[in-house]
Amino acid sequence: MKAISTVIAAALVAASASAEAGTIRVKAGAAAQERLQAAMLDAKPGDTILIGKGRFVLTDGLSLDVPKVTIRGAGAGKTVLSFKGQQGAGEGLLVTSDDVVMRDFAVEDTKGDGIKAKGVKRVVFTRLRVEWTRGPNTANGAYGVYPVSSTDVLIDNVLVKGAADAGIYVGQSRNIIVRNSIASQNVAGIEIENSYNADVYGNTAEHNTGGILIFDLPNLPQQGGHSIRIYKNLVGRNDVPNFGAPGSTVSGVPNGTGIMVMATRNVHVFNNVVGNNATANVFVVAYKFPYDDKGYDPYLRDVVVRDNTHGPAGWAPGFKGGDALKAAMGGKTAPIFWDGVGGAEARVHISDAVTVLTLNMTKPDTPISEAQPGVIDLSKTPKAAEPAAVVLPASMEAAIK
Amino acid sequence: MKRRQVRCIAFAALLWVALTAIAPRPMADDKLIQSESLPPKLSQFRLGIVRGMPVGRELERYTLNTPLFSDYAEKFRAVYVPRNARVGYRAEGVLDFPVGTVLVKSFGYPADMRKPSEAVRMIETRLLIRREAGWVALPYVWDAQAKDAELVRVGRRVPVEWVDLQGAKRSISYAVPNVNQCKDCHAQNRAIVPIGPTARNFNRDGQLQALVSDLPTQLSVLPRFDDAATGTVAQRARAYLDVNCAHCHSRAGAASNSGLYLGNDEPVGPTLGIGKRPVAAGHGSGALSFGLVPGHPEQSIIVHRMGSLQPGVAMPELGRATVHDEGVSLVSQWISSWK
């Protein structure tokens, strides 16, 4: 009898201990680095780290490796983590545990990436600001909000400015929603790369070099990006000269690109408002560089571009050979470009009510100078079936409330 | 009757004294080591680390053929294995240490590197403890008199000065890692593992034979990166990259997403950086186009990042406040020599 009641008592104690979710409060003030990092080490699963109002001066990166933790500030305008004096680490905040929610704070001036989540499940970034306050600069960090090699990713209501590669960047991940966010003053506003199943909607990508990029690149552990929906976004006035690192893939994005799709499969671009992009509003191409990777497919396949509203575009194509192209077209290129690679096999459907240009390239790396541009009607191409809506675990949507 | 009892007791007492003399009482606190506890003071483990030096009689000192570069710190390594436990041999990867093992690594700076055993200022001692549930990494920072070291889980920046081998004064902000940063380098597939003591790296001065049971007859040896007698430039450069980079730049490491893998056995090709374009490097690429350009270290992103001190550019990402000139030189020499 005694043994059983001891066991029950012990079980009750254990149950209540795990059910209790703690709160760790961190106020602004001296030794912010030590106190914030201590909070992230001391947090137990289920805890919330509440970061108070004010400016927190960080001297190194921060990292969180405890699952089911929420990091919450007093608002992206009120709680500011400043990494201007950062002495080490590749990012400001690194998350390597599952079920983490980050909300209501700002990260400024990291030396490398802003907030990185690597190899995690069910990560939520909401109501955050990541910004390089000096504005566009090649020495700014590459990515602002940076989930990579992760599953179930939600980026909701974030603002990213000044990234020297992509403001909101999702790499090699699955099951992704990027919504209701703003990307401005980045080289690429929003980028989905080598990822499977992403819905990108309700975002504004303005005053970047390129607004929204969907890429698939070789020589990475996850390739064959597919099933991406880009819809109801405002992608306009992307007019910032490219400040990406010379030699990087993003440095090849021409100034004034609206939405660019490269080498990815089953990409649907619809119901967006795209305009005032000097190179093109929509650009769909194969991977253009030489590569050494037997498993890689450089071709675009199954692209649907429909029901988008277009503003002016194409008056100053920002790629090499663009001027010649413009001249060949009688002074203005078109709002939508396809490189033509793959021909009918690429299954490119474009039914927007604007001129569509093909460059009639036969191989992905045919130089532009050899392109034979011409107007083309791609509205009759059968449309690939649209991917199902991305549905994230309920716990993630619940965290937004 | 009484005399016989006395003689028995006397004999038993003598036997006991003799036995305890032959087999001394254990010093290290095995119970503490194997518990989940995080003792605030290093001395609590009773490992015998005195003024930073792992001198306890239960500690097996060791050296690695090619050690990790840590900002020119002198590193004093030792391993504690619980009595009656065995270290198993593994051909690949880290040796099979039993539960209760403690790997000890103390970091210190001689005032003058030309006299490396004098006036050594001990900075920290890192422990890697194999507990039942897995390995745990703990950084202990020494007080100014090196009397004891305290657990500093959040890490610490320590200003450090020394005179280098050329007689020049050096001054850095040395970073004691926080426990998450320990895991950044030491994790494979999200579990902490040791990095240094692989059979190949441990194989010198009879160390393997002294520590590990059931060794095979064929044993390989990792070249010493700074000793040309132990390997070709290529072999030594690959060993250097393996030890300094491959814990992250491997398929199960922190940089698994990069597609750049720098282990000793990685085949020569895009995964080693040849023809591989930067993906997430940002300005870390130094405006260069490929990870490794045969014949051209000055065009190789790997060499560029090894030679940088800027956060966001420098590689490795953690634990580097200086450039390892000798390492950069070796890797550059290797790349230069390719046609």
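Computation of the quantities below employed the complete heavy-atom set of this structure, encompassing side-chain atoms and omitting hydrogens, waters and symmetry-equivalent molecules. Remember, it's a predicted structure, so these values are computed and weren't measured experimentally. Below, read A as the first sequence line, B as the second, and so on, with proteins coming before strands; counting in each chain starts at 1.
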Q: How long is the span from the OG atom in A/S150 to the CZ atom in A/R174, to the nearest 0.5 Å?
A: 11.5 Å
Q: If I measure from the heavy atoms of chain B, does A/E193 come under 4.5 Å with its side chain, its backbone, both, or neither?
A: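 Contact with chain B is through the side chain of A/E193 alone.
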Q: Does any backbone or side-chain atom of A/Y291 lie under 4.5 Å from a heavy atom of chain B? Answer side chain, backbone, both or neither.
A: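 For A/Y291, there is no contact with chain B at all, as no heavy atom is under 4.5 Å.
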Q: Is A/D65 close to chain B through its backbone or its side chain, or both, or neither, when contacts mean heavy atoms under 4.5 Å?
A: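 A/D65 touches chain B through backbone and side-chain heavy atoms alike.
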Q: Checking heavy atoms, do the side chain of B/A254, its backbone, both or neither come under 4.5 Å from chain A?
A: backbone
Q: Among A/P246, A/G247, A/G244, A/P290, which residue has the highest count of heavy-atom pairs closer than 4.5 Å to chain B?
A: A/P246
Q: Donor-acceptor pair, A/E191 side chain versus A/L213 backbone, under 3.5 Å?
A: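 Pair absent, no side-chain N/O of A/E191 close to backbone of A/L213.
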Q: Going by an N to O cut-off under 4.0 Å, is there a salt bridge joining A/D99 and A/R122?
A: yes
Q: Picking from B/V154, B/L260, B/N257, which has the most non-hydrogen pairs under 4.5 angstrom with chain A?
A: B/N257
Q: Tell me which of these, B/V313, B/V279, B/V179, has more heavy-atom pairs under 4.5 Å with chain A than the rest.
A: B/V279
Q: At a 4.5 Å cut-off on heavy atoms, which part of A/Q172 comes close to chain B: side chain, backbone, both, or neither?
A: side chain
Q: Does any backbone or side-chain atom of A/A38 lie under 4.5 Å from a heavy atom of chain B? Answer side chain, backbone, both or neither.
A: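 Contact with chain B is through both the backbone and side chain of A/A38.
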Q: Only one of B/K75, B/E74, B/R126, B/M122 clears side-chain contact (heavy atoms from CB on, under 4.5 Å) with B/S106; which?
A: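 Running side-chain contact (heavy atoms from CB on, under 4.5 Å) over B/K75, B/E74, B/R126, B/M122 with B/S106 returns exactly one hit, B/M122.
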Q: Of the backbone (N, CA, C, O) and the side chain (C-beta and beyond), which part of A/L217 lies under 4.5 Å from a heavy atom of chain B, both, or neither?
A: side chain
Q: Taking only Lys NZ, Arg NE, NH1 and NH2, and the carboxylate oxygens of Asp or Glu, determine whether A/D98 and B/R190 approach each other closer than 4.0 Å.
A: yes
Q: Going by an N to O cut-off under 4.0 Å, is there a salt bridge joining B/D164 and B/R170?
A: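 The answer is yes: the pair qualifies as a salt bridge.
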Q: What I'd like to find out is whether the side chain of B/F290 reaches to under 4.5 Å of the side chain of B/S300, using heavy atoms alone.
A: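 Not touching, per the 4.5 Å side-chain cut-off.
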Q: Below 4.5 Å from any heavy atom of chain A, which atoms of B/R277 appear? Answer side chain, backbone, both or neither.
A: side chain
Q: Can you tell whether the side chains of B/R251 and B/E266 come within less than 4.0 Å, N to carboxylate O?
A: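 A salt bridge links B/R251 with B/E266.
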Q: In terms of heavy-atom pairs under 4.5 Å with chain A, which of B/A287, B/P316, B/G259 leads?
A: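 Top count of heavy-atom pairs under 4.5 Å with chain A: B/A287.
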Q: For B/L318, which atoms come within 4.5 Å of any heavy atom of chain A: side chain, backbone, both, or neither?
A: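 Contact with chain A involves the side chain of B/L318 alone.
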Q: With under 30° as parallel and over 60° as perpendicular, where do the rings of B/H324 and B/F69 fit, or are they tilted in between?
A: parallel
Q: More than 12 foreign heavy atoms under 6.0 Å from NZ of B/K41: is that the case here?
A: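 Enclosed.
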Q: Flag the one option from A/L64, A/D60, A/D42, A/T110 with the top tally of heavy-atom pairs under 4.5 Å to chain B.
A: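 Most heavy-atom pairs under 4.5 Å with chain B: A/D60.
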Q: Taking B/G282, B/A280, B/S258, B/S289 one by one, which has the highest count of heavy-atom pairs under 4.5 Å against chain A?
A: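 Among B/G282, B/A280, B/S258, B/S289, the one with the most close pairs to chain A is B/A280.
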Q: Tell me, for A/F215 versus chain B, whether the close heavy atoms (under 4.5 Å) come from the side chain, the backbone, both or neither.
A: neither
Q: Which atoms of B/S256 come close to chain A, meaning under 4.5 Å heavy atom to heavy atom: side chain ones, backbone ones, both, or neither?
A: both
Q: Whether B/E150 and B/R156 form a salt bridge (side-chain N of Lys/Arg under 4.0 Å from carboxylate O of Asp/Glu) is what I want to check.
A: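 Salt bridge present between B/R156 and B/E150.
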Q: Among A/A142, A/S149, A/G112, A/P221, who wins on heavy-atom pairs under 4.5 Å with chain B?
A: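 Most heavy-atom pairs under 4.5 Å with chain B: A/P221.
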